[in-house]
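For reference, the structure discussed in these notes is given below.
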Amino acid sequence: KGICQNKNFSGVKYMKRSIQLPLALAIAALPCVSAPVFAQSAGDFLVRGGLGHVSPNEKSGDLGGVPGNQVSVGNDSSLALTLAYLLSDNVGVELVGALPFKHDISGAGNLAAAGKVGSTKHLPPTVLAQYYFNPKGAVRPYVGAGINFTWFFGEKTTGALAGTDLKLGNSWGLAGEAGVDIDLGGDWFANASVWYMDIDTKARTALGDATVQIDPWVGFIGLGHRF
């Protein structure tokens, strides 16, 4: 189960890599935070935009059932956007979207020597229920949980699979997030957050099919505005 199996890194290490930059920037910004001037309230819309980085935490099945015939998916970054609506001062609902992410697909295991064999694009719309711990403060951490839909499209083949078909099935799965908003004055704020998404799919290739578990960590850093 999975698009790739990386023997050098565990899921915990992928998580650390995904959240290091957002967390470091959030901590660096704390000394600049002044007295609370931002008070988010029920009925507010919070729009966030910035850079999202997808780090697959993959595990690959065997293509066509042949032991060791596996594939690996690379990382990618793209513009990500979120829109949250506050049902109360502490509770909100959020829609997560992004421009398409593009991932290179390479051979792994017995197929490692093949190098890049294709690519795919995906869109990961996600809906989450959120809880904000300090809605009236200058630093507002929050957590969320919800459902992710991943749409794969634009598959292409190259190298050893050039001229053959490649197809990845769409996926439904659970998602979780943790983040923090930091006041910049007025209705503006900085945001750092991380999502974990349960993404399972089926890869169909000329070498056979394989069940795929991608399960990426997604790190995000950006700016937000309250309306």
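On a predicted model such as this, the values are computed, not experimentally measured, just so you know.
Under the side chain to side chain contact (heavy atoms under 4.5 Å, CB included) criterion, Ala145 pairs with no residue, sequence neighbours left out. Qualifying side chain to side chain donor-acceptor pair (under 3.5 Å) partners for Thr164, counting only residues two or more places apart in sequence or in other chains: none. In this structure Val66 satisfies the side chain to side chain contact (heavy atoms under 4.5 Å, CB included) test together with Asn69, sequence neighbours excluded. Legend: residues meeting side chain to side chain donor-acceptor pair (under 3.5 Å) with Asp209, ordered by chain and number and at least two apart, are Arg204. For the salt bridge (Lys or Arg N to Asp or Glu O under 4.0 Å) test, no residue two or more places apart in sequence or in another chain qualifies with Asp165.
Between His122 and Phe101, the two ring planes are parallel [angle under 30°; tilted spans 30° to 60°].
Hydrophobic clustering (ILVMFWY, side-chain heavy atoms < 4.5 Å, transitive): Leu83 and Val93 are in one cluster. Residue Leu95 is grouped with residue Phe227 when hydrophobic side chains (ILVMFWY) are merged at heavy-atom distances under 4.5 angstrom, including chains of intermediate members. Linking Ile, Leu, Val, Met, Phe, Trp and Tyr residues whenever their side-chain heavy atoms come within less than 4.5 Å places Trp172 and Phe153 in a single cluster.
Annotation: side chain of Leu86 is in contact with side chain of Leu46 (closest heavy-atom distance under 4.5 Å). Counting heavy atoms from C-beta outward, Ile105 and Ser119 have side chains that stay 4.5 Å or more apart. For the pair Gln213/Glu58, no side-chain contact is recorded, criterion being any heavy-atom separation below 4.5 Å from C-beta on. Side-chain contact between Glu177 and Tyr196: absent, with no pair of heavy atoms (C-beta onward) separated by less than 4.5 Å. With contacts defined as side-chain heavy-atom distances shorter than 4.5 Å, the pair Asp181/Tyr132 qualifies.
For the atom pair CH2 of Trp188 and CG of Leu223, the computed distance is 7.0 Å after rounding to the nearest 0.5 Å. Rounded to the nearest 0.5 angstrom, Asp183 CG and Gln40 CD are separated by 9.5 Å.
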Give every donor-acceptor pair under 3.5 Å between a side-chain atom in residues 109-116 and any protein atom, sequence neighbours left out.
from: Asn110; atom 1: ND2; to: Pro67; atom 2: O; distance (Å): 2.8
from: Lys116; atom 1: NZ; to: Asp104; atom 2: OD1; distance (Å): 3.2

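More than 12 heavy-atom neighbours from other residues, nucleotides or ligands sit within 6.0 angstrom of CG on Leu123.
Here the closest heavy-atom approach between residue Gly61 and residue Gln70 is recorded as O-CG, 3.5 Å. Of all the heavy atoms in Leu161 and Ala206, the pair that sits closest is CD2-CB, 4.3 Å. When all heavy atoms of Arg226 and Phe189 are compared, the pair lying nearest together is N-CE2, 4.0 Å.
Each of Val54, Val212, Ile214 was evaluated against Ile199; a single residue qualifies, Ile214, per the side-chain contact (heavy atoms from CB on, under 4.5 Å) test.
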message = Show, in sequence, the C-alpha distance, side-chain angles and deciding distance for Val194 and Phe220, and conclude whether the side chain to side chain contact (heavy atoms under 4.5 Å, CB included) test is met.
response = CA-CA 6 Å; Val194 61; Phe220 174 87; over 6 Å; no

task: In sequence, state the C-alpha distance, the side-chain angles, and the governing distance for Val143 and Phe133, and then conclude on side chain to side chain contact (heavy atoms under 4.5 Å, CB included).
output: CA-CA 9 Å; Val143 294; Phe133 293 98; 4.0 Å; yes

- prompt: Does the pair Ile147 and Leu128 meet the rule for a side chain to side chain contact (heavy atoms under 4.5 Å, CB included), with working shown?
  reply: CA-CA 7 Å; Ile147 297 176; Leu128 304 118; over 6 Å; no

(message) Let's go through Trp195 and Val96 carefully: what are the C-alpha distance in whole Å and the side-chain angles of both, what is the deciding distance for side chain to side chain contact (heavy atoms under 4.5 Å, CB included) to 0.1 Å, and is it a yes or a no?
(response) CA-CA 10 Å; Trp195 296 283; Val96 177; 3.9 Å; yes

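Among residues at least two apart or in separate chains, ring pair (Phe, Tyr, Trp, His ring centres under 6.0 Å) pairs with a member in residues 74-94 are Phe45-Tyr85. Identified under the salt bridge (Lys or Arg N to Asp or Glu O under 4.0 Å) test for residues 65-81, with sequence neighbours left out: none. The side-chain hydrogen bond (donor to acceptor under 3.5 Å, both in side chains) analysis of residues 142-163, with sequence neighbours excluded, yields the pairs Thr126-Asn148, Tyr142-Asn191, Asn148-Thr150. Within the structure, every pair that satisfies the salt bridge (Lys or Arg N to Asp or Glu O under 4.0 Å) test and touches residues 87-98, not counting sequence neighbours, is listed here: Arg48-Glu94, Asp89-Lys136.
A donor-acceptor pair under 3.5 Å is formed between the side chain of His103 and the backbone N or O of Gly74. No donor-acceptor distance shorter than 3.5 angstrom exists from the side chain of Asp198 to the backbone of Asp215, with no hydrogens or angles considered. Of the possible polar contacts, one joining the Thr201 side chain to the Gly169 backbone as a donor-acceptor pair under 3.5 Å is found.
Under a 4.5 Å side-chain heavy-atom criterion applied to ILVMFWY residues, the cluster that includes Leu99 comprises Leu79 as well.
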